[in-house]
Amino acid sequence: MESGSFPPKFWKPGAEAPGASLAEERTVLVDESQSTPYVSNSCAALSLEKQRQRLPVFRHRNHILYLAEAYQTVVIVGETGCGKSTQIPQYLLEAGWAKGNHVIAVSQPRRVAAVTVASRVADERGAILGHEVGYCVRFDDCSDTRNTRIKFVTDGMLVREMMADPLLQRYSVIILDEAHERTLHTDMAIGLLKKIQKRRPELRLIVASATLDAEKFRDFFNHNDTKDCSKDTCAILTVQGRTFPVEIFYSTSAVPDYVVTTVETIMKIHEHEEEGDILAFLTGQDEVEEALKDVKERARMLANQGLKVHMRPLPMYAALPHREQARIFERTPRNCRKVVLATNIAETSITVQGVIYVIDCGFVKLRAYNPHTDIDALLIVPASQASAQQRAGRAGRLRPGKAYRLYTEEQFEKLPRATVPEMQRSNLSPVVLQLKALGIDNPLRFSFIAAPPAQAMVNALELLFALGAIDDDCHLTEPLGMRMAEFPMGPMFAKMLLESGNFGCSEEIATVVAMTQIQNVFLSPTNQKAKAARAKRRFAVEEGDHLTLLNVYEAFMKHKKNSQWCHENFLNYKGLVRAVAVREQLVRLLTRLEVPACSSEGDSDAVLRCIVAGFFSNAAQFHYTGNYRTIREGYELFIHPSSVLYGEKPPKWVLYSELVQSTHHYMRDISAVDVTWLLELAPHYYQQGTERELGAKRAKLLAQ
DNA sequence: GCCAACATA
């Protein structure tokens with residue numbers, strides 16, 4: 001079928017042909033970090049050296065090396081597929097940047113990317129992973145202090161490393177890959193690296209970013225205060241990608257219900273377009289399941305009518321059991337079209353092979369922190385232009401593709417150019433604690449590339465003060481505050497862990513904390529919801545979710561970490577394995593910080609009291625209206641339906657470790673507590689704080 | 001009756 005003839009009425013192609021001024025938007029590549037080492041058979045026949053030379057970035061090799069000599073910072077706009085992530089570190093190595101025991105670091109937002117790119121580079125160099133080329137991510141250090149010259153790390157790990165080596169002396173070059181994603185850790189690293197550059201002018205920084213942010217990064221890292229460009233310390237270089245064009249189709253009118261239209265568009269493509277898999281972006285699990293059900297139904301009808309080409313609709317989202325996630329990677333028979341209905345997980349984290357058609361609903365579900373209420377919300381908001389471009393690019397991997405946007409071109413023009421950086425929509429208490437530990441005494445004056453709301457900073461300082469991590473003068477306390485910063489989790493969890501020795505239950509608390517770090521412990525497959533709920537109830541205890549999680553962990557260990565047992569009990573096996581690793585790490589840390597290893601031997605009050613010691617500020621009281629109220633502000637809170645306390649006799653007082661606003665303010669991970677514990681364990685928080693005193697405290701924090 | 005996606009010696 002000819003391009004542009006689909007479907008005659010509903011869609012119109014964009015005004016300009018691909019390759020014109022909008023080429024940048026129309027021609028997008030897949031994320032190279034996700035690509036398999038050997039792209040096609042014809043490539044496999046080539047020597048590794050030839051393959052390397054064929055990459056678009058190769059033409060810029062000398063220029064890149066020149067810029068790295070001449071400028072402290074180089075911003076590389078590397079379109080996906082140009083080979084930047086794998087090649088630039090090697091160019092630098094070959095040019096001698098790793099001499100004298102120096103290391104070239106490449107930092108990625110995601111673990112998988114760090115590991116896969118590292119192994120690709122090791123392959124290219126004929127090296128064993130972990131020797132000359134290695135990686136270091138949480139729970140998995142595959143590097144060698146003496147021999148590793150190129151080290152791939154996650155952004156979080158890079159920030160962590162600064163705690164031990166504040167000037168990152170081991171490194172001669174740091175490459176921040178995918179910097180345009182603007183994760184919390186990337187933004188922290190950006191600000192911290194700017195500070196390091198002042199002390200270490202010889203350190204080189206390479207920021208790999210999308211077009212949109214290049215100038216922002218350049219201006220941020222340019223230490224030249226004069227108008228004389230020859231004194232610039234930062235330069236931009238653009239490297240074209242290698243890709244197939246993706247033709248964009250916009251809706252001709254506003255779409256009232258994008259789930260319905262997604263289904264219709266899938267069916268139209270399936271009936272009228274040539275073979276090729278479809279990837280549709282929706283915002284959440286519910287939408288994916290709803291659309292999936294409709295697509296399946298309509299596919300059955302078509303099959304009954306005798307349509308020869310079959311369809312295999314598949315869901316994809318993070319909470320999906322691993323076995324079902326894996327189905328999107330299975331090959332389909334020749335006359336069968338794969339249709340993947342996915343959340344944003346398919347935008348960066350997972351690449352579905354063989355996608356030719358992309359459907360973009362134009363929305364995304366984001367976490368947004370409200371600094372005025374101090375509450376996180378999960379909101380469905382319009383996606384950004386950058387996000388739309390990334391989604392469309394998912395169609396251009398195999399051959400020229402098509403992207404159907406379920407919004408008009410006018411609507412597209414009005415979308416924000418980029419997603420708001422995570423730093424500006426997060427609770428900052430972990431960030432502030434970590435910055436303090438890294439010697440940033442006044443986080444309000446930290447050189448953020450995008451400053452967060454001042455109120456968010458104030459809230460963070462207030463919480464840290466209430467937990468005893470900072471003192472009246474906003475200085476990190478010794479040893480408590482410093483120790484809290486060592487934990488790879490939020491300050492409330494850290495406080496709870498550090499107190500656990502005093503409550504005689506460090507064993508249990510380590511388990512509870514590890515378990516709360518796992519998402520989707522309990523699985524609930526769409527067709528076995530009731531069965532899954534019954535399985536969950538077998539672990540539930542009246543004390544609430546924290547002790548229920550403790551039960552699950554102990555049962556998992558009792559059954560020798562058996563995956564079949566998890567499957568039978570609707571438990572997330574991979575998550576539990578991760579909980580074991582998290583717990584081991586926490587126990588090591590507790591030992592180092594001399595918190596005694598001890599068990600409360602089944603005394604649940606000890607564990608609950610210890611939870612109060614960390615989470616006292618997250619308390620809520622049952623209200624006669626049938627839900628809960630926060631103590632200070634009186635917000636109306638609800639028990640999340642995933643809690644074991646949901647639908648049970650409501651305890652008078654509860655503590656929660658997470659509060660998320662969606663259709664209501666929902667508390668998740670809840671425990672029943674005794675109100676006297678609150679007064680006893682957090683008197684400074686519950687007995688002294690009149691509104692006036694608190695206001696004064698706030699003002700003092702703001703003045704810092 | 002609800003569950004974007006990542007990440008931390």
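Reckoned from all heavy atoms, side chains included, excluding hydrogens, waters and symmetry mates. Below, chain A is the first sequence line, B the second, and so on; all start at residue 1. Just so we're clear, the structure is a prediction, and the values are computed from it rather than from any experiment.
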Choose from [options] the nucleotide whose nearest atom is closest to any side-chain atom of [X].
X: A:K365; options: B:dC3, B:dA4, B:dA5; answer: B:dA4
X: A:H185; options: B:dA7, B:dA5, B:dA9; answer: B:dA7
X: A:Y666; options: B:dC6, B:dA5, B:dC2; answer: B:dC2
X: A:Q434; options: B:dT8, B:dA7, B:dA4; answer: B:dT8

Between [N] and [X], is there an OP1 or OP2 to side-chain N/O distance shorter than 4.0 Å?
X: A:S642; N: B:dC2; answer: no
X: A:Q585; N: B:dA9; answer: yes
X: A:R160; N: B:dA9; answer: yes
X: A:S662; N: B:dC3; answer: yes
X: A:T154; N: B:dT8; answer: yes

Problem set entry | salt_bridge(A:E161, A:K151) N-O dist < 4.0 Å | yes
For this session: Can you tell me the distance, in whole Å, between the CZ atom of A:R138 and the P atom of B:dA7?
Result: 10 Å
Seminar exercise, completed: Separation of B:dA7 atom C1' from A:M489 atom CE, nearest Å, is 11 Å
For this session: Verify whether one side chain among A:E287 and A:T283 offers a donor that lies under 3.5 Å from an acceptor in the other.
Result: yes
Exercise. What do you reckon, are the aromatic ring centroids of A:Y258 and A:F363 less than 6.0 Å apart?
Worked result: yes
For this session: Please identify each residue that fulfils side chain to side chain contact (heavy atoms under 4.5 Å, CB included) with A:A210, with sequence neighbours left out.
Result: A:H180
